[in-house]
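As the structure is a prediction and not an experimental result, all values here were calculated from the model. In listed order, ligands and their atoms are each counted from 1.
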Amino acid sequence: MQSCRQFVVQLIRSVALLAIFSATAAQAVEKRNLIIDTDPGADDVVALLLALASPEELNVMAITTVAGNVRIDKTSRNARLAREWAGREEVPVYAGAGRPLVRTPIYAENIHGKEGLPGVEVHEPKKGLAEGNAVQYLVDTLKKAAPHSITIAMLGPQTNLALALVQAPEITQGIKEVVVMGGAHFNGGNITPVAEFNLYADPDAAKVVLASGVKLTYVPLDVTHKILTSEQRLRQIEALNNQAGKLVGNILNEYVKADMVHYGLPGGPVHDASVIAWLLKPELFTGKQINLVIDSREGPGFGQTVADWYDTLGQNKNVFWVENGDAQGFFDLLTQRLARLK
Ligand code: RIB
Ligand code: CA
């Protein structure tokens, strides 16, 4: 029978261990300066809400918008809506490129709806855009930033960052890393049999970013198609009984329908939010450093990401390619953070 003294000693030991563990866990989360470049877009809005609900880990310096899912006026309006819904109107939204570098523009209204935001009513948000263009904001901010201090999450076509890099290649000095939602290898494409939408919408921009030599992580369809909604996962979000849970539940219910039909899946991916989850809890994901080449030639391979997963060519490993993820862990994180919002 344990004596009372032994019990007290054991209790003190457990409390001390808990204190050490929680201190270590807190140390493990290094706060990031983050710029989110995005084409909202249903899954972009979910990503923005997740990021803006996580101020301990992410200092969202600005949101920069680009044409992609819908035209620039609507992606910029939707970014301002997400900011309003997150209660974070201090974060500036800069509008950027209205078209790709070279190719004729394409959009995805068939997936994201005419307003670029399915399943919910949109309105004109109170707070407007920041003065100035997103590209100039990137140039000015990254030029004067502390060395390698700013992370950029790219959730749409990479046009803005490409334009900034062409205008001022030295801005790489301010970039810690770029995390891209885009590309596909094992999964195959979603806009052609081989190409993913963000890359297909502006492969030339993606090549400029790749060639810049910045630290680059890709979160491709290979992993986003393994992190799927389900009835239970959507119910856990809607059960939050707050505006954020209702909005995300309604958006995702509508957004995933097309993918579920097209792929015959029991649920749909939340592509862009997977990038933010990677930044918040990288331990939910696995991948490896590989060589990536982007095809921008006219033809069936246009926009394809040629990912040398087995190092067949022995070329420079220029990208970290995320290939798998913990789906339930992702939805638990998303639910837990949305619970913080109104
Ligand atoms: O292919 C999926 C990507 O294209 C996502 O970023 C989605 O928002 C669209 O931009
Ligand atoms: Ca997007």
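Across all non-hydrogen atoms, the minimal contact from A42 to I251 is CB-CG2, 3.6 Å. Minimum interatomic distance between R83 and L52 (heavy atoms only, all atoms of both residues): CA-CD1, 3.9 Å.
Side-chain atoms of Q328 and S230, non-hydrogen and from C-beta on, never get closer than 4.5 Å to each other. At least one side-chain heavy atom of K288 sits under 4.5 Å from a side-chain heavy atom of W309.
Evaluated for a side-chain hydrogen bond (donor to acceptor under 3.5 Å, both in side chains) with S54, the options R340, Q336, R337 yield exactly one hit, R337.
Every atom of ligand 1 with a heavy atom of E196 under 4.0 Å away is listed here by number and element: 1 (O), 2 (C), 3 (C), 4 (O). Ligand 1 places these atoms under 4.0 Å from at least one heavy atom of M181: 2 (C), 3 (C), 5 (C), 6 (O). Within the listing of ligand 1, atoms 1 (O), 4 (O), 9 (C), 10 (O) sit less than 4.0 angstrom from a heavy atom of F197. For ligand 1 and D44, the ligand atoms under 4.0 Å from any heavy atom of the residue are 8 (O).
The Ca ion (ligand 2) lies at 3.0 Å or more from every N, O or S atom belonging to D43. Checking L155 against the Ca ion (ligand 2), an N/O/S atom falls under the 3.0 Å cut-off.
Inclusion of G156 in the set of residues having an N or O under 3.5 Å from an N or O of ligand 1 is not warranted. In terms of polar-atom proximity, defined here as any N/O pair under 3.5 Å, H271 makes no such contact with ligand 1.
Between Y94 and Y137, the ring planes are parallel. Angles under 30° get that label, and only those over 60° would be called perpendicular. Using cut-offs of 30° and 60° for the angle between ring planes, the W278 and F285 rings count as perpendicular.
Distances from atom 4 (O) of ligand 1 to the heavy atoms of N190, N198, T75 show the closest one on N198.
Of all protein heavy atoms, the one lying nearest to atom 6 (O) of ligand 1 is D272 OD1, 2.6 Å. At the top of the distance list for atom 5 (C) of ligand 1, counting protein heavy atoms only, stands D43 OD2, 3.2 Å. Protein heavy atom nearest atom 9 (C) of ligand 1, with residue, atom name and distance: N69 OD1, 3.1 Å.
Under a cutoff of 6.0 Å and an axis angle of 45°, R103 and Y200 form a cation-pi pair.
Residue D39 approaches the Ca ion (ligand 2) most closely through its N/O/S atom OD1. The atom of D272 nearest to the Ca ion (ligand 2) is OD2, with the search restricted to N, O or S atoms.
If you look at D39 next to ligand 1, the close heavy atoms, those under 4.0 Å, all belong to the side chain.
For the pair N318 (side chain) and L292 (backbone), a donor-acceptor distance under 3.5 Å is present.
The number of heavy atoms from other shown groups lying within 6.0 Å of CD (E121) does not exceed 12.
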